[in-house]
Amino acid sequence: MESSRLLNKFLEKLQIAISRNLNLSSYLDISKLEKILAVDSAYKNSELMVTVGVLWSLKIKDIIEESYVVSKPTYEYIPGLLFIREAPSIIEVVEKISGGWDLLIVDGHGVLHPRRAGLAVIAGFILDKPTLGIAKKLLVGEEAGGGDMGPVYLDGKVLGFWFKDKRKFYVSPGYKIGVEEIPEIIKLMGGRYPEPLEIADRLARKKVNEINY
DNA sequence: GCGACAG
DNA sequence: ATCTTGTCGC
Ligand SMILES: [Mg+2]
């Protein structure tokens with residue numbers, strides 16, 4: 001596994017180009033939001049990587065379908081360039097899901113990113129689907145407000161929201177979703193850290209641990 | 001120059 | 001993200 005300075009620089013330019021004309025207008029009918037597709041990855045020994053997709057129904061609060069892909073990490077983790085590590089297998093697991101869905105949620109940031117092009121932005125852009133980035137820690141930006149929810153500012157603009165569940169988590173638009181829609185969407189998902197994302201995390205870890213060779 | 005730094 | 005034992009609590 002490697003990364004070259006030239007390639008890193010190129011990937012950053014790619015992010016800038018993508019975010020320059022990013023479509024963040026609403027393509028999501030929140031009143032009809034029902035099926036969520038959550039994706040997450042787990043690793044082992046920098047040899048193995050498992051990415052899982054969990055198709056979740058808000059109505060029945062249960063899993064409808066699962067998919068996964070096993071691979072080998074091809075790029076080291078660099079803060080700000082997570083997408084080159086995880087986006088390729090995310091695209092694969094999403095395409096393996098046969099059922100339809102309304103919203104993709106990704107474990108990582110959307111526009112709450114130094115170049116407004118986090119993993120959720122890249123994934124949504126490639127798939128051309130409404131996508132939200134949901135992260136457990138802030139990469140950039142400043143939290144404001146108090147209580148159990150508040151905005152996150154970057155360069156004087158609200159680019160995301162923080163929420164308090166058992167832990168804090170941060171939500172920002174990935175693609176075809178406006179930042180102002182986020183509080184309502186999170187409320188629809190129970191006002192908590194999204195269950196399907198928790199399940200995808202657990203499933204990926206389980207899978208990566210039962211594979212050995 | 002130094003520190004911070006999604007997963 | 002992963003490594004990693006015991007320990008606190010329902
Ligand atoms: Mg993850």
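Protein chains get the first letters and strands the later ones, always in sequence-line order, with residue 1 at the start of each. The figures that follow rest on heavy atoms only: side chains count, while hydrogens, waters and symmetry mates do not.
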> At under 4.0 Å between heavy atoms, how does the protein contact nucleotides 2-7 of chain B? Give one character per nucleotide, 5' to 3', with B, S or -.
---BBB
> Wobble G-U and Watson-Crick pairs count when both distances are under 3.5 Å; given that, what is the 5' to 3' dot-bracket string of DNA chain C, with | for pairing to other strands?
..........
> Atom CG in A:Leu81, atom CG in A:Leu11: separation rounded to 0.5 Å?
5.5 Å
> Report the C-alpha separation of A:Arg192 and A:Glu198 in whole Å, then their side-chain angles, then the decisive distance to 0.1 Å, and conclude whether the salt bridge (charged side-chain N to carboxylate O under 4.0 Å, His left out) test is met.
CA-CA 11 Å; A:Arg192 48 160 293 179; A:Glu198 263 181 6; 2.8 Å; yes
> Generate the contact string for nucleotides 4-10 of chain C. Rules: B means base contact, S means sugar-phosphate contact only, - means no protein heavy atom under 4.0 Å.
-------
> Who passes salt bridge (charged side-chain N to carboxylate O under 4.0 Å, His left out) against A:Lys176, sequence neighbours left out?
A:Asp128
> Under the 3.5 angstrom rule, does the side chain of A:Trp162 hit a backbone N or O of A:Ala144 as a donor-acceptor pair?
yes
> Which dot-bracket string fits DNA chain B when only Watson-Crick or G-U wobble pairs with both atom distances under 3.5 Å count, crossing pairs get [ ], and | stands for a partner on a different strand?
.......
> Okay, side chain of A:Glu92, backbone of A:Val69: is any donor-acceptor separation there less than 3.5 Å?
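It does not hold such a pair.
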> Could you go through the side-chain hydrogen bond (donor to acceptor under 3.5 Å, both in side chains) check for A:Glu86 and A:Tyr77 one step at a time?
CA-CA 10 Å; A:Glu86 300 202 349; A:Tyr77 168 68; over 6 Å; no
> Under 3.5 Å, side-chain donor or acceptor atoms of residues 102-122 of chain A against the rest of the protein: list the pairs with distances, not counting sequence neighbours.
unit_1	atom_1	unit_2	atom_2	d
A:Asp102	OD2	A:Glu34	N	2.9
A:Asp102	OD2	A:Lys35	N	2.8
A:Asp107	OD1	A:Lys136	NZ	2.8
A:Asp107	OD2	A:Lys136	NZ	3.1
A:His109	NE2	A:Lys137	O	3.2
A:His113	ND1	A:Arg115	N	2.9
A:His113	ND1	A:Ala117	N	3.3
A:His113	NE2	A:Gly80	O	2.9
A:Arg115	NE	A:Gln15	OE1	2.6
A:Arg115	NH2	A:Gln15	OE1	2.9
A:Arg115	NH2	A:Gly80	O	3.2
A:Arg116	NH2	A:Asp155	OD2	2.5

> For the side chain of A:Glu195 and the backbone of A:Lys61, is there at least one donor-acceptor N/O pair under 3.5 Å apart?
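Answer holds: no.
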> Are A:Val70 and A:Leu203 co-members of a hydrophobic cluster defined by side-chain heavy atoms under 4.5 Å apart?
yes
> Measure from the side-chain N and O atoms of A:Thr131 to the backbone N and O of A:Tyr175, and report whether any donor-acceptor pair falls under 3.5 Å.
no
> Is there a side chain to side chain contact (heavy atoms under 4.5 Å, CB included) between A:Glu47 and A:Lys72? Walk through the geometry before answering.
CA-CA 5 Å; A:Glu47 281 292 307; A:Lys72 177 186 168 72; 3.3 Å; yes
> Would you say A:Asp40's side chain and A:Ala42's backbone share a donor-acceptor pair under 3.5 angstrom?
no
